[in-house]
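Computed from a predicted structure; not experimentally measured.
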Amino acid sequence: MHGIYLDHAATTPLDPHVLDAMAPYFADLAANPSSLHSAGAVAREAVERARASIASVLGADPGEVVFTSGGTESDNWALRGLVAPGGGLVVSAVEHRAVLEPASELARSGAALGIAPVDSSGQVEPSSVVSRMPIGCQLVCVMAANNETGVRLDFGTVGRLCADRGVPLHVDAAQSALYGPPDLRRDPVDLVTLSAHKLYGPKGVGALVARRSLRLRPLLVGGGQEHGLRAGTLNVPGVVGMAAALSIAVERRAADSERVRGLRDKFEAAVLERVDGAEVAGAAAPRLPGHSLLLIEGVDGSALLMALDERGVFASAGAACSSGSAEPSHVLLAMGYSQQRARSAVRFTLGRTTSEGDVECAAAALEEAVDELRALHG
């Protein structure tokens, strides 16, 4: 791939050290961890080391870490595993679709659903979560940081209010774990979603961390794996890679955060200076270091993405998994933007592979692309 990759929120390149950790389990040690022979025991030990490593980062017990295929599965399971058809739940208006859509399905099956709004900066007011709790509320979902804007949500205060009422809190940390996941020793959180490919780890593996006190209904049955909660042969290389990626993220967190935030700030300053009508969504709120969701007046976001791609700059329109949708971002609509304004959004997300030269070239390419599109439609 030749170009400037500014789509780290969609997926991160696999860290070479992570690949090295995974490599033996593709061939030489490629046994089924459920097998009773000695080769299976080696694979099983690798899985349990990975489980313990991930648990230590999140302040959890190893038995509270259940491996999944990724963030979408973990989010779906958190809701379906705790909310009964006649129960109730609250979700923030800016949750990932992997939370919002199963929440809507549960509502159609008879569950009472409350949607907690956000303000113009993209932050949720904790008291608004409480005020929307239905009678018999079984779960609250408030993400750690939004995947489109990078805005951090105050899940800690929400968690304390939930704990006072005996309601579990699920935190989707897929986007934020790279810069620090929730710590169950400190934070009033009951379930946490993780996804390896947001951490410079492999695609196709994630985890749901759920406190033992919860009565989580099994996701898949038929094999007894993962304490009987999720049947199926484990992805041993993926699990090993996820643990390695999270461990590296912990080691690099402070340095990566400072460097990436500095590059992001330079990029935004250059864009705001050179492009009339540009705005950074959520700029007034605490954000993840690498996120920059730009709204460009008078320009269609999808057209701008194609113009940038022609110039070798790779970004996305809000959430990459929704980039094929004709609908404007639900996150921006929840923040009070008009549909037209929301359709002008382009998300740039920086990471370890981003250089100062990349930032300068991307800002120049953006200015050129905006001028071209405005000239075509002006």
Side-chain angles (χ1 to χ4, degrees), residues 9 71-72 74-83 87-107 111-134 137-165 167-177 180-182 187-195 198 208-209 281-282 284-288 291 293 318-319 321-322 327-337 342 345 347:
T72 295
S74 296
D75 282 345
N76 272 257
W77 189 9
L79 277 71
R80 298 176 191 278
L82 286 178
V83 181
L89 71 161
V90 177
V91 302
S92 86
V94 294
E95 294 299 300
H96 192 280
R97 289 292 184 190
V99 167
L100 293 177
E101 292 190 15
S104 296
E105 284 193 7
L106 287 166
L113 173 61
I115 307 291
V118 296
D119 61 21
S120 60
S121 70
Q123 294 181 296
V124 67
E125 171 55 49
S127 62
S128 73
V129 175
V130 174
S131 69
R132 284 162 176 80
M133 284 185 181
C137 186
Q138 295 172 308
L139 184 67
V140 167
C141 299
V142 173
M143 65 199 326
N146 184 259
N147 52 298
E148 296 187 29
T149 62
V151 169
R152 296 181 184 270
L153 279 69
D154 185 6
F155 65 85
T157 300
V158 172
R160 285 187 286 275
L161 293 173
C162 288
D164 290 343
R165 291 158 178 80
V167 178
L169 173 66
H170 166 246
V171 173
D172 182 341
Q175 198 71 78
S176 65
D187 298 322
V189 174
D190 300 284
L191 303 101
V192 179
T193 285
L194 299 174
S195 179
K198 309 288 189 179
L208 180 64
V209 183
R287 286 182 290 158
L288 296 176
H291 273 65
L293 183 63
C321 48
S322 301
E327 295 298 315
S329 161
H330 72 280
V331 173
L332 292 172
L333 295 181
M335 292 169 67
Y337 289 99
R347 184 185 68 178

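Annotation: side-chain hydrogen bond (donor to acceptor under 3.5 Å, both in side chains) contacts of Gln175 (sequence neighbours excluded): none. Checked against salt bridge (charged side-chain N to carboxylate O under 4.0 Å, His left out), Glu105 has the following partners two or more places apart in sequence or in another chain: Arg80. Take Ser195 and apply the side-chain hydrogen bond (donor to acceptor under 3.5 Å, both in side chains) test, not counting sequence neighbours, and it matches no residue.
Side-chain atoms of Arg97 and Thr72, non-hydrogen and from C-beta on, never get closer than 4.5 Å to each other. Side chains of Arg152 and Leu288 form a contact here, defined as non-hydrogen atoms less than 4.5 Å apart. Two residues are said to be in side-chain contact when any heavy atoms from C-beta on lie closer than 4.5 Å; Val209 and Leu191 fail this criterion. Leu332 places a side-chain heavy atom less than 4.5 Å from the side chain of Leu293. Within the 4.5 Å cutoff, the side chain of Gln123 has heavy atoms near those of the Val151 side chain. For the pair Thr149 and Met335, the minimum side-chain heavy-atom distance is below 4.5 Å. You'll find the side chain of Leu113 stays beyond 4.5 Å of the side chain of Leu106, heavy atoms only.
Residues Gln138 and Val83 come closest through the heavy atom pair OE1-CA, 3.4 Å. When all heavy atoms are compared, the tightest approach of Pro182 to Val189 is CB-CG2, 4.4 Å. Considering every non-hydrogen atom in both Pro328 and Ala342, the closest pair reads CB-CB, 3.8 Å. Across all non-hydrogen atoms, the minimal contact from Arg132 to Ser128 is NH1-O, 3.2 Å. Of all the heavy atoms in Val124 and Pro117, the pair that sits closest is CG2-O, 3.4 Å. Summarising the geometry of Leu169 relative to Pro188, their closest heavy-atom pair is CD2-O, 3.8 Å, with the distance given to 0.1 Å.
Atoms NE2 and CG, on His96 and Asp75 in that order, are 7.5 Å from each other to the nearest 0.5 Å. In this structure, the separation between CG on Asp172 and OG1 on Thr193 is 5.0 Å, given to the nearest 0.5 Å. Rounded to the nearest 0.5 angstrom, Ile115 CD1 and Leu100 CG are separated by 6.5 Å. Summarising the geometry, atom OG belonging to Ser74 is positioned 9.0 Å from atom CG belonging to Asn76; distances are rounded to the nearest 0.5 Å. Atoms CG and OG, from Leu194 and Ser176 in turn, are 8.5 Å apart once rounded to the nearest 0.5 Å. Here the straight-line distance linking atom CD of Glu125 with atom CG of Leu153 works out to 11.5 Å at 0.5 Å rounding.
Of the possible polar contacts, none joining the Glu148 side chain to the Arg347 backbone as a donor-acceptor pair under 3.5 Å is found. No donor-acceptor pair under 3.5 Å is formed between the side chain of Thr157 and the backbone N or O of Asp154. The backbone N or O of Val94 sits less than 3.5 Å from a side-chain atom of Asn146, completing a donor-acceptor pair. Lys198 places a side-chain N or O within donor-acceptor distance of the main-chain N or O of Ala9, the cut-off being under 3.5 Å. His291 places a side-chain N or O within 3.5 Å of a backbone atom of Asn147 that can act as its donor or acceptor partner.
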Trace of the side chain to side chain contact (heavy atoms under 4.5 Å, CB included) decision for Leu82 with His170: CA-CA 10 Å; Leu82 286 178; His170 166 246; over 6 Å; no

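Looking at Ser92 and Glu95, their side chains do bring a donor and an acceptor atom within 3.5 Å of each other.
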